[in-house]
Number of protein chains: 2
Amino acid sequence: MSEYIEHDPTGVSVGIVEKRFFGFADPPHEMCLESGARLGPVTIAYETYGTLNPKKSNAVLILHALSGDSHVAGYYSEDDPKPGWWDIMVGPEKGIDTNRYFVICCNILGSCMGSTGPSSTNPKTDRPYGPDFPMVTIGDMVKAQKAVIDHLGISRLLSVMGGSIGGMQVLEWCLRYPEMVISAVPLASTTRHSALAIAFNEVARQAIMADPNWNNGEYYPGPRPDLGLAVARMIGHITYLSDESMRHKFGRRLQDKGDFSFNFDADFQVESYLRYQGRKFVERFDANSFLYITKASDYFDLAIQHDSGSVVKAFSKAKAKFLVVSFTSDWLYPTYQSRAMVQAMKKNGLDVSFCEIEAEWGHDAFLLPNDRLDGLVKGFLERVHDEIQ
Amino acid sequence: MSEYIEHDPTGVSVGIVEKRFFGFADPPHEMCLESGARLGPVTIAYETYGTLNPKKSNAVLILHALSGDSHVAGYYSEDDPKPGWWDIMVGPEKGIDTNRYFVICCNILGSCMGSTGPSSTNPKTDRPYGPDFPMVTIGDMVKAQKAVIDHLGISRLLSVMGGSIGGMQVLEWCLRYPEMVISAVPLASTTRHSALAIAFNEVARQAIMADPNWNNGEYYPGPRPDLGLAVARMIGHITYLSDESMRHKFGRRLQDKGDFSFNFDADFQVESYLRYQGRKFVERFDANSFLYITKASDYFDLAIQHDSGSVVKAFSKAKAKFLVVSFTSDWLYPTYQSRAMVQAMKKNGLDVSFCEIEAEWGHDAFLLPNDRLDGLVKGFLERVHDEIQ
C-alpha cells in the first residue's frame, strides 16, 4: 500500500494502541504448512480496537496487504506522528465503528512487522531463518490468524475484511473456516493473480535477487539488499496507481527545476516520488519478507487450493454474506476479476452485494478517503450485525 | 520491442543485406546537440532495401524504437537464423513493398548497434565515453538521420514511419524538416510520455543504476551491469504486452512442472519468459544506451520542444500527410494520446487518416503480423506515391 496518503489529523482516532503478540506452535507441536514443511514456534503480532461484547458477536477481523502490518488505526504514543494504515476507516463513528465493533488485525505470517518471518530467529540455529524460512501460503497465514482468534475466545467473526492480498485472505477464511465467518468484504481483490500481476511480482523479486547484498537471502544482520528492495517497491508503486491518477498527481511537472538536468538525476516529480518511496520502504521492510509474501500471493488460486477445479465449486463451501468492492481504475486486480468472483458466489445462492466504485486512484483506491466506500462498509456491517441479534 | 515474435520463414524476404556506416561531424565541426553539448565524430549505422528511383521520389525512412537497430529486414548471411525486426512489413510485395520503395533505416544516435553512443570510443580519451557521453534527444537523433539522408542525395522522403519511440522521431521529422517529409506514419506513439510511461522508464533506469557493476556508467570493458539491465528489460517487456495478451499467452500455466516449487525458482511460464527475455537482452544491448535512450524519450515533448506551448501550434509547422495508428490494448501509449495528436493535426487542416486497430497484443501490436496494419500502410503509401507522380 502507498504511503503518500495524508490522513486527516483532525479525525477522531481510536487513540493510543498497543501491539500485542501471541505465540504458539512450540516444538514439537509445530505448525504444519501447506508445502508440507513445519514451522514453530510461531509468533503473530496483532492489535485490537474497541470492546468485545459479552456475546462475542461484534468482532471484525481486518486482513492487511503485502507491506501492511497489525497497526490499522490509532497511535503508539502521544508523539507518534502517523496513525495506523487504515485510520480513515477504523475508529469511533468511522466506516468500521470502534464504538460498536471489536476490531482485530494480525500481521501476516512471513512478514517482518512482529510476526514470524524470514528475519525471525530460527530456533535450530539461533540465527535468522533467511532462505531456510519455509514458503508460506495465504492458507498458512489464515491458519495462523485462526490461532489468534481462538486465543481471543471468539468462535464467530462478524466480518472479515481486507483489500488486495488482504482480500485473498478474506476469501480463504470463508472457505477454510466457513462456520466462523458471518460476513466478508474482499476489496480490490481476486481469486487468483493474473499473468500480469505475477509478472510484476516476478520482476520485483528479480530486482531484489539481483542485488549482490541479497546473497541468496543470507544477509542478516546486513548489509541489506536496499537498492534491490527499493526498485522492487518502485515497481509495486506504479501498479498501485493508475495512468489517470499519475497524470493528475504528477503529469510531466519537473522537480524543483526550471528545465531538464540533461543527466540521470530525477527531472520529473514522478521520478522523485518513486525514488523517495523506494528509499522510505527499505527503512521499514525486509527484502526476504517481500519475496515470501509476493510468492504466496502468486501461488494463491482459490479454485485449485480448495480441490474443486472451479471457483464456483470452491464457493460452495462458503456460508458468509459478501460485500465485494472493486475500483474502476484498478488495473492490477481489475473489476472483471471481482465480477467473476461475484458470479461464482451467486451461483451458490450466497448473499452477495457488489459495487464497482468510480475512483481514479488505481489499486490504492481502497486505502484512500472515499465516502462511498465508508458508507457501503458501514451499512453492510450494520445489516449483518442487526441480523444476528 | 519484443523478441518472441516468430517470423514466417516462408515469407519472401529482401534477402541478404549489409549494414553500412556514415561518418560525419569530425572535429572541429562537431554536431551541436540540443543540450548545448558538442559531439563528434558521429557514425550512424544504416541499411537500405530496394532501389532509389531516378527521381529519388520513392524513399521511405523507417525509425526504430528503444532497443531496435538499422536491421529492419532480410538476413546478414545465408545461415543467419533471424531476419530483421520488421521483416513481416518490409520486403517484396509486403506492406512496405521493396519492389516499389527504397527503404532506409538508421540506428539511432546513443544506441549501441553501430551508431555513436556511450559505448563508442571518446576521441578525447581513446576510451569508451561511458557517462561522459552527452545526453541526446529525439531531436538530435533526427538531426543525425538527416545527415544520412543528405548523404544519400535524397531531398524529400516519400514517408517517415515508426512505432513507439520511432513514432516520436516521425513527429520530430515532420516539424524539424517539414519540406522534406511528404507523408508520415506514427504508430503506437505519443507527442510526449505520460507520468506512467516516465515512471516505468525511471524504475528500469534505477534497476540498472542499482547494479554495482554499473559503476556510474564506467564499466567498460566489463563486467557489465547485466543483472540490472535484465531487470530493466523485464519491466519494459511487461509494458509492451497487455493483461489480455498475457492471459492468453501464459495464464497461470506452470513451467515444466506439475506443481509449485515452493521456492524462488520460476514456477509460472510468465516468470520463465521474463527471465529469458532479460538474459537474452543483455547479450546484445548496452546498459548505458538503455539509460540514454529512455531519458531521451522521457524528455521528448513535441509542444515544448517546438517552442509553441501547445501541440496544436506545434503541428502548424507540419506539411506531411499523416496516417496515425493506435492499438486498443496498448496501455503504454494509449489511443487517447494518438487521438489528441490527430485532433491537433486536424486543427491545422492537415491531411490525416487515423485508425485504432483492435489488437490484444498491447504496445507490441505494431510489430506483430496484422493484415489490417499491412493493408493500411500499403494503401497509404500507394496513395501518397501516386499523388506526387
Side-chain angles (χ1 to χ4, degrees), chain A residues 34-37 131 134-135 137 192-203 205-207 209-212 217 227-228 230-231 234-235 237-238 241-243 246-253 260-264 266-271 273-275 278 291 295 298-299 301 304 331 334, chain B residues 34-37 131 134-135 137 192-203 205-207 209-212 217 227-228 230-231 234-235 237-238 241-243 246-253 260-264 266-271 273-275 278 291 295 298-299 301 304 331 334:
Chain A
E34 264 191 272
S35 66
M135 197 61 70
T137 63
R192 61 184 194 176
H193 270 175
S194 65
L196 181 71
I198 296 172
F200 278 118
N201 272 348
E202 169 64 7
V203 178
R205 285 190 292 264
Q206 289 292 319
M209 300 196 288
D211 188 325
L227 293 174
V231 171
M234 290 186 236
I235 293 168
H237 252 287
I238 298 177
L241 301 177
S242 71
D243 183 27
M246 293 177 95
R247 197 159 62 243
H248 290 175
K249 192 174 171 65
F250 309 109
R252 291 179 55 87
R253 281 185 293 282
F260 298 148
S261 64
F262 285 110
N263 61 35
F264 295 109
D267 284 292
F268 297 99
Q269 284 181 7
V270 66
E271 295 175 310
Y273 168 80
L274 289 171
R275 290 183 188 191
L291 296 177
K295 199 76 185 180
D298 288 345
Y299 279 158
D301 188 332
I304 287 177
W331 54 281
Chain B
E34 265 191 271
S35 66
M135 197 60 69
T137 63
R192 61 184 194 176
H193 269 176
S194 65
L196 182 72
I198 295 171
F200 277 118
N201 273 348
E202 168 64 5
V203 178
R205 285 190 292 264
Q206 289 292 319
M209 299 197 287
D211 188 326
L227 292 173
V231 171
M234 290 185 237
I235 293 168
H237 252 287
I238 299 178
L241 301 177
S242 71
D243 184 27
M246 292 178 96
R247 196 159 62 243
H248 290 175
K249 191 174 172 68
F250 308 110
R252 290 179 56 86
R253 281 184 292 282
F260 299 148
S261 63
F262 285 110
N263 60 36
F264 295 108
D267 285 290
F268 297 98
Q269 285 181 6
V270 66
E271 295 175 310
Y273 168 79
L274 288 171
R275 290 184 188 190
L291 295 178
K295 198 77 185 180
D298 288 345
Y299 279 158
D301 188 332
I304 288 176
W331 55 278

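In what follows, chains are A, B, ... by sequence order, proteins preceding strands, each numbered from 1.
Using cut-offs of 30° and 60° on the angle between ring planes, the pair A:Phe250 and A:Tyr273 is tilted.
Counting heavy-atom pairs closer than 4.5 Å to chain B, the top residue among A:Pro131, A:Ala197, A:Ser261 is A:Ser261. Across A:Leu227, A:Thr137, A:Asp267, the residue that shares the most heavy-atom pairs under 4.5 angstrom with chain B is A:Asp267. In terms of heavy-atom pairs under 4.5 Å with chain A, the best-connected choice from B:Met246, B:Arg252, B:Gln206 is B:Arg252. Note on B:Phe264, B:Tyr299, B:Phe200: by heavy-atom pairs under 4.5 Å with chain A, the leading option is B:Tyr299.
Applying the salt bridge (Lys or Arg N to Asp or Glu O under 4.0 Å) criterion to A:Arg253, with sequence neighbours excluded, gives no partner residue. Residues forming a salt bridge (Lys or Arg N to Asp or Glu O under 4.0 Å) with A:Arg205 (at least two apart in sequence, or on another chain): A:Glu202, A:Asp298, B:Glu271.
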For this session: Please assess A:Met234 against A:Ile238 for the test side chain to side chain contact (heavy atoms under 4.5 Å, CB included), listing each intermediate value before the final yes or no.
Result: CA-CA 6 Å; A:Met234 290 186 236; A:Ile238 298 177; 5.9 Å; no
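For the pair B:Trp331 and B:Leu196, the minimum side-chain heavy-atom distance is below 4.5 Å.
Between atom CZ of residue B:Phe260 and atom NZ of residue A:Lys295 there is a gap of 8.5 Å, rounded to the nearest 0.5 Å.
Only the side chain of A:Phe268 comes within contact range of chain B, judged by heavy atoms closer than 4.5 Å. Heavy atoms closer than 4.5 Å to chain B are found nowhere in A:Asn201, neither backbone nor side chain. Using a 4.5 Å cut-off between heavy atoms, A:Pro334 contacts chain B through its side chain alone, with no backbone atom that close. Interface residue A:Val270: only side-chain heavy atoms are found under 4.5 Å from chain B. Interface residue A:Leu274: only side-chain heavy atoms are found under 4.5 Å from chain B.
Considering every non-hydrogen atom in both A:Gly251 and B:Ala195, the closest pair reads O-CB, 3.4 Å.
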